[in-house]
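When a ligand or atom number is given, it counts from 1 through the structure's own listing order. Numbering of residues begins at 1 and proceeds along the displayed sequence. Please read all numbers here as calculations on a predicted model, not as lab measurements.
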Amino acid sequence: MMVYDLIITIFGATGDLTSRKLLPAFAKLYGEKQIPEKTKIIALGRRPYTDESYLETMMQAGKITQGEEILKELVTYFPMEITEEDGYKPLVSMVESLKHQETRELYYLAIGPELFPIVTKYMNQSSLVIQGNANQSIVFEKPFGHDLESARAINEMLWRYFDEKQIYRIDHYLGKEMIQNIMMVRFANRIFEEIWHNRSIKNIKIIAKETEGILGRAGYYDQSGALKDMVQSHLLQMLSLIAMEPPLSYFSDDVKDEKVKVLKHVTFDKDSLIFGQYKGYHDESNIPKDSQTETFVFLKAFVNTPRFKGVPFYLMTGKKLDKKESLIIIEFEETSEQRKWNLPLSTNKLYIKIAPLDGVGLVLNSKVPGLRDDVEEVELEYCIACHAVGNLSEAYEKLIKDITGHHKTLFTRWDEIEFSWSLIDHIKKYQKEPISYQDYEDLKPLIQDLTGELMP
Ligand SMILES: NC(=O)c1ccc[n+]([C@@H]2O[C@H](COP(=O)([O-])OP(=O)(O)OC[C@H]3O[C@@H](n4cnc5c(N)ncnc54)[C@H](OP(=O)(O)O)[C@@H]3O)[C@@H](O)[C@H]2O)c1
């Protein structure tokens with residue numbers, strides 16, 4: 001029988017994550033020879049599919065238009081009840097028959113966290129995964145719990161069965177091109193390195209706006225809300241990359257050590273907290289009529305390190321806003337000449353654009369061309385997508401490639417999660433009834449009244 005260099009076993013292979021993200025990423029990586037030629041994907045599900053009917057269903061569900069032939073070659077559907085111990089013996093036999101001594105094995109838990117305890121227990125008891133075997137990795141997705149206590153419980157359970165080096169916690173934001181690029185922009189540019197501190201930076205805005213509502217995810221979203229869904233993970237990850245000290249190296253643990261130091265020093269201004277809920281949220285199916293879950297959150301945070309003490313970090317995220325946009329804006333102080341010459345006080349800004357188009361923008365002051373002596377803002381813009389046609393990778397492709405290569409920089413370490421949950425739990429104590437908003441225009445004046453800041 002054929003043996004493989006890479007075996008990827010997906011738990012929850014009939015779900016949304018697998019159809020929309022994982023299968024397209026595997027097909028692309030394989031097509032571009034970024035994963036071994038001898039790769040096998042074992043898709044586990046409890047429904048009675050054949051290989052063909054499984055792929056057909058998933059192609060439709062995930063609107064997958066490319067890579068069908070590749071997926072036909074790679075994927076084997078394996079019907080199994082993952083919550084029953086009996087199912088594991090045949091799976092172990094199958095995997096054993098497909099691997100050699102050096103085979104890289106990925107076990108992707110594309111299932112809700114409520115299934116982790118039972119599934120990881122049986123993975124361990126059946127010897128499907130042996131604790132400490134560096135060739136075997138466990139991959140799973142946020143949410144990493146719903147508060148500090150539940151996150152700790154999940155983590156302790158994982159550490160009971162696997163070593164930390166085997167565990168890959170995915171926050172897919174970290175796989176986005178521009179998030180990876182934040183460290184390059186910061187540390188590989190003298191012009192920024194010299195001014196990256198509270199004497200030059202006026203404030204930092206970290207924004208993730210969406211136009212959609214909850215898209216039928218009532219069960220998850222109503223228990224979570226914007227603070228837990230977005231701030232705990234994506235926004236605090238961005239904040240820590242922006243505020244950290246230069247790491248000793250680009251290697252995983254050095255970077256994470258610095259990010260954790262930042263997270264330990266984050267405080268927030270409880271008087272600036274805004275919670276909002278879009279009008280019509282209660283009409284979404286399966287949302288209780290009295291739900292107080294926030295679909296918008298704004299907060300002013302501080303990073304109390306010598307570098308950033310006193311600089312406000314404005315964090316904002318929400319649904320049903322004016323546009324889909326994720327970006328970070330670093331606003332610099334005015335120059336003393338601007339004040340002396342009485343020039344319009346427009347400030348320099350560095351835009352780190354994450355979605356929908358990744359890129360960097362730098363706003364400068366420049367003389368209006370021609371006979372007038374006025375000053376105007378101009379933006380120097382670098383758009384990654386415009387220059388990298390065909391080469392841009394989706395977040396999941398990058399993350400999966402890194403797992404196969406044992407690179408952990410873009411994955412979350414337990415202490416990052418621990419300190420971010422600790423902050424979120426603290427903020428939660430000040431949670432107020434959400435303000436009802438029709439659109440973003442209802443929220444902007446509130447933010448301005450509270451902070452004096454005009455958010456874009
Ligand atoms: N979808 C995304 O884009 C996304 C993004 C970030 C994180 N995540 C996280 O990734 C995980 C999976 O998300 P998803 O969107 O793919 O969820 P989903 O569409 O609900 O799929 C869940 C999968 O788990 C299986 N499952 C559920 N209960 C089971 C049980 N008792 N026994 C056996 N199998 C069971 C389902 O099988 P059946 O089909 O047989 O029910 C399905 O294959 C979740 O933790 C989610 O929060 C998802």
Participant: Heavy-atom contact check, 4.0 Å cutoff: does Ala110 meet ligand 1?
Facilitator: yes
Participant: Taking N or O atoms only and a 3.5 Å limit, does Ile111 qualify as a polar contact for ligand 1?
Facilitator: yes
Participant: Could you list the atoms of ligand 1 found under 4.0 angstrom from a heavy atom of Glu81?
Facilitator: 32 (N), 33 (C)
Participant: With a cut-off of under 6.0 Å to the ring centre and 45° to the axis, is Lys205 in cation-pi contact with Phe313?
Facilitator: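 Because its charged atom misses either the 6.0 Å distance or the 45° angle limit, Lys205 does not stack over Phe313.
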Participant: Hey, looking at atom 33 (C) of ligand 1, which of Ile170, Ile82, Ile118 has the closest heavy atom?
Facilitator: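 The residue whose heavy atom sits nearest atom 33 (C) of ligand 1 is Ile82.
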Participant: Taking the six-membered ring of Tyr440 as reference, does the NZ or CZ atom of Lys209 fall below 6.0 Å from its centre and within a 45° cone about the axis?
Facilitator: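 So Lys209 does make the cation-pi contact.
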Participant: Identify, for atom 46 (C) of ligand 1, the protein heavy atom at the shortest distance, and state residue, atom and that distance.
Facilitator: Lys142 O, 4.2 Å
Participant: Using 30° and 60° as the class limits, which term best fits the ring planes of His426 and Tyr430: parallel, tilted or perpendicular?
Facilitator: parallel
Participant: What is the nearest protein non-hydrogen atom to atom 13 (O) of ligand 1, stated with its residue, atom name and distance?
Facilitator: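 Nearest protein contact, heavy atoms only, for atom 13 (O) of ligand 1 is Leu17 CB, 4.1 Å.
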Participant: Among Gly219, Gly15, Gly12, Ala43, which one puts a heavy atom closest to atom 21 (O) of ligand 1?
Facilitator: Gly15
Participant: Below 3.5 Å, N or O to N or O, backbone or side chain included: is there any such pair between Asp16 and ligand 1?
Facilitator: yes
Participant: Within 45° of the six-membered ring axis of Tyr351 and under 6.0 Å from that ring's centre, is NZ or CZ of Lys353 located there?
Facilitator: yes
Participant: Any donor-acceptor pair under 3.5 Å linking the side-chain atoms of Glu164 with those of Trp159?
Facilitator: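 The answer is yes; a qualifying pair exists.
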Participant: For atom 3 (O) of ligand 1, which protein heavy atom lies nearest, and how many Å away is it?
Facilitator: Arg20 NH2, 2.9 Å
Participant: Compute whether any side-chain donor of one residue and acceptor of the other, for Gln431 and Gln292, lie under 3.5 angstrom apart.
Facilitator: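 Distance-only check fails for Gln431 and Gln292.
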Participant: Distance from Phe11 atom CZ to Tyr107 atom OH, nearest 0.5 Å?
Facilitator: 7.5 Å
Participant: Kindly check if the number of other-residue, nucleotide or ligand heavy atoms within 6.0 Å of CD (Glu433) is above 12?
Facilitator: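 12 or below, so no.
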Participant: With distance as the sole test, does Lys40 use its side chain to make a donor-acceptor pair with the main-chain N or O of Leu74 at under 3.5 Å?
Facilitator: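 Answer holds: yes.
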Participant: So is there a nitrogen or oxygen of Tyr396 less than 3.5 Å from a nitrogen or oxygen in ligand 1?
Facilitator: no
Participant: Can you list the ligand 1 atoms lying under 4.0 Å from a non-hydrogen atom of Gly112?
Facilitator: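 Answer for ligand 1: 45 (O).
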Participant: What's the shortest distance from atom 43 (O) of ligand 1 to any protein heavy atom, and which residue and atom give it?
Facilitator: Thr14 OG1, 2.6 Å
Participant: So is Pro143 polar-close to ligand 1, meaning N/O to N/O under 3.5 Å?
Facilitator: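 No, there is no polar N/O contact under 3.5 Å.
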Participant: Would you check if the distance from the ring center of Phe140 to the ring center of Phe116 is below 6.0 Å?
Facilitator: yes
Participant: Could you find the nearest protein heavy atom to atom 6 (C) of ligand 1 and give me its residue, atom name and distance?
Facilitator: Glu141 OE1, 3.4 Å
Participant: Do any nitrogen or oxygen atoms of Pro113 come within less than 3.5 Å of a nitrogen or oxygen of ligand 1?
Facilitator: no
Participant: What do you reckon, does His172 have a nitrogen or oxygen under 3.5 Å from a nitrogen or oxygen of ligand 1?
Facilitator: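 His172 vs ligand 1: no N/O contact under 3.5 Å.
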Participant: Checking a contact table here: which protein heavy atom is nearest atom 28 (N) of ligand 1, and how many Å away?
Facilitator: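 Atom 28 (N) of ligand 1 sits closest to the protein heavy atom Arg46 NH2, 3.4 Å.
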Participant: Give a yes/no verdict on a cation-pi contact between Lys408 and Phe411, requiring under 6.0 Å between NZ or CZ and the six-membered ring centre and an angle within 45° of the axis.
Facilitator: no
